[in-house]
Amino acid sequence: EVQLQASGGGLVQAGGSLRLSCAASGSPFDDDYVIGWFRQAPGKEREGVACIRRSDGSTHYADSVKGRFTISSDNAKHTVYLQLNSLKAEDTAVYYCAASRWYLKLELKPIIYDFWGQGTQVTVSS
């Protein structure tokens, strides 16, 4: 089983930046997996933001964040990062990271992810 710990959220002004971290623990980590970042604003459905595949570093982004957010991983530290730049008020949400152990295509559908971390709040003031 994989445990995920998300951190790095906070309050930032529009146009600002944040870096979120998702630290993974558990075993085994020699296997391949996909880590995704999702967000959920009050009254809205959870939406996928970005994902990365451990084995080759391939990434996939939602159209709403392309060019502003960057996902990366440090496999030695079992940590995935999400750099949030040029933040907008509509980026305000609770951000979650999740792991897909067996479905390794780069997709942002919550249903394919097996393990979820707790959320970290990102608030962008306009």
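No experiment lies behind these values; they were computed from the predicted model shown. We number each residue from 1, following the sequence as shown.
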Check: Can you check whether Val124 reaches Leu84 side chain to side chain, under 4.5 Å on heavy atoms?
Finding: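 When only atoms from C-beta onward are counted, Leu84 and Val124 do not touch, as no gap falls below 4.5 Å.
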How far apart are the closest heavy atoms of [X] and [Y], and which atoms are they?
X: Asn85; Y: Ser17; value: OD1-OG, 2.9 Å
X: Gly48; Y: Ala62; value: O-CB, 3.4 Å
X: Asp32; Y: Ser55; value: OD2-OG, 2.7 Å
X: Ser126; Y: Ala14; value: CA-CB, 4.2 Å
X: Val94; Y: Gly119; value: CG1-CA, 3.6 Å
X: Thr120; Y: Gly8; value: OG1-N, 3.9 Å

If you measure from [atom1] on [X] to [atom2] on [Y], what distance do you get to the nearest 0.5 Å?
X: Ser21; Y: Gln83; atom1: OG; atom2: CD; value: 9.5 Å
X: Phe115; Y: Cys97; atom1: CZ; atom2: SG; value: 13.0 Å
X: Ser58; Y: Arg53; atom1: OG; atom2: CZ; value: 4.5 Å
X: Ile35; Y: Ser72; atom1: CD1; atom2: OG; value: 12.5 Å
X: Thr59; Y: Lys66; atom1: OG1; atom2: NZ; value: 9.5 Å
X: Gln121; Y: Thr92; atom1: CD; atom2: OG1; value: 7.0 Å

Would [X] and [Y] show up in the same hydrophobic cluster when neighbours are defined by side-chain heavy atoms closer than 4.5 Å?
X: Ile111; Y: Tyr113; value: yes
X: Leu4; Y: Tyr95; value: yes
X: Trp116; Y: Leu106; value: yes

Notebook entry, point to check: Do the numbers put Arg46 on top of the ring of Phe38, so that NZ or CZ is under 6.0 Å from the six-membered ring centre and no more than 45° off the axis?
Noted result: no
Note to self: Out of the candidates Tyr96, Tyr61, Phe69, only one should pair with Val49 under the side-chain contact (heavy atoms from CB on, under 4.5 Å) rule; please name it.
What the structure shows: Phe69
Item checked: Trp37: which of Ile52, Leu82, Leu108 passes side-chain contact (heavy atoms from CB on, under 4.5 Å) ->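 Running side-chain contact (heavy atoms from CB on, under 4.5 Å) over Ile52, Leu82, Leu108 with Trp37 returns exactly one hit, Leu82.
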Note to self: Within the 3.5 Å criterion, strictly below it, is a donor on Ser7 or Gln5 matched to an acceptor on the partner's side chain?
What the structure shows: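 Distance-only check fails for Ser7 and Gln5.
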Check: Is there a donor in the side chain of Tyr33 and an acceptor in the side chain of Arg101, or the other way round, less than 3.5 Å apart?
Finding: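 The criterion, which ignores hydrogens and geometry beyond distance, is not satisfied for Arg101 and Tyr33.
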Check: With no hydrogens and no angle check, is any side-chain donor or acceptor of Ser100 less than 3.5 Å from a backbone partner on Ile112?
Finding: yes
Notebook entry, point to check: When you look at Leu20 and Arg39, which way does the side chain to side chain contact (heavy atoms under 4.5 Å, CB included) test go after all the steps?
Noted result: CA-CA 12 Å; Leu20 307 183; Arg39 64 187 182 185; over 6 Å; no
Checklist line | Basic-acidic side-chain contact under 4.0 Å: Lys88, Asp91 | finding: no
Note to self: Using side chain to side chain contact (heavy atoms under 4.5 Å, CB included), reason through Val34 and Tyr103 one step at a time and then give a plain yes or no.
What the structure shows: CA-CA 8 Å; Val34 171; Tyr103 189 88; over 6 Å; no
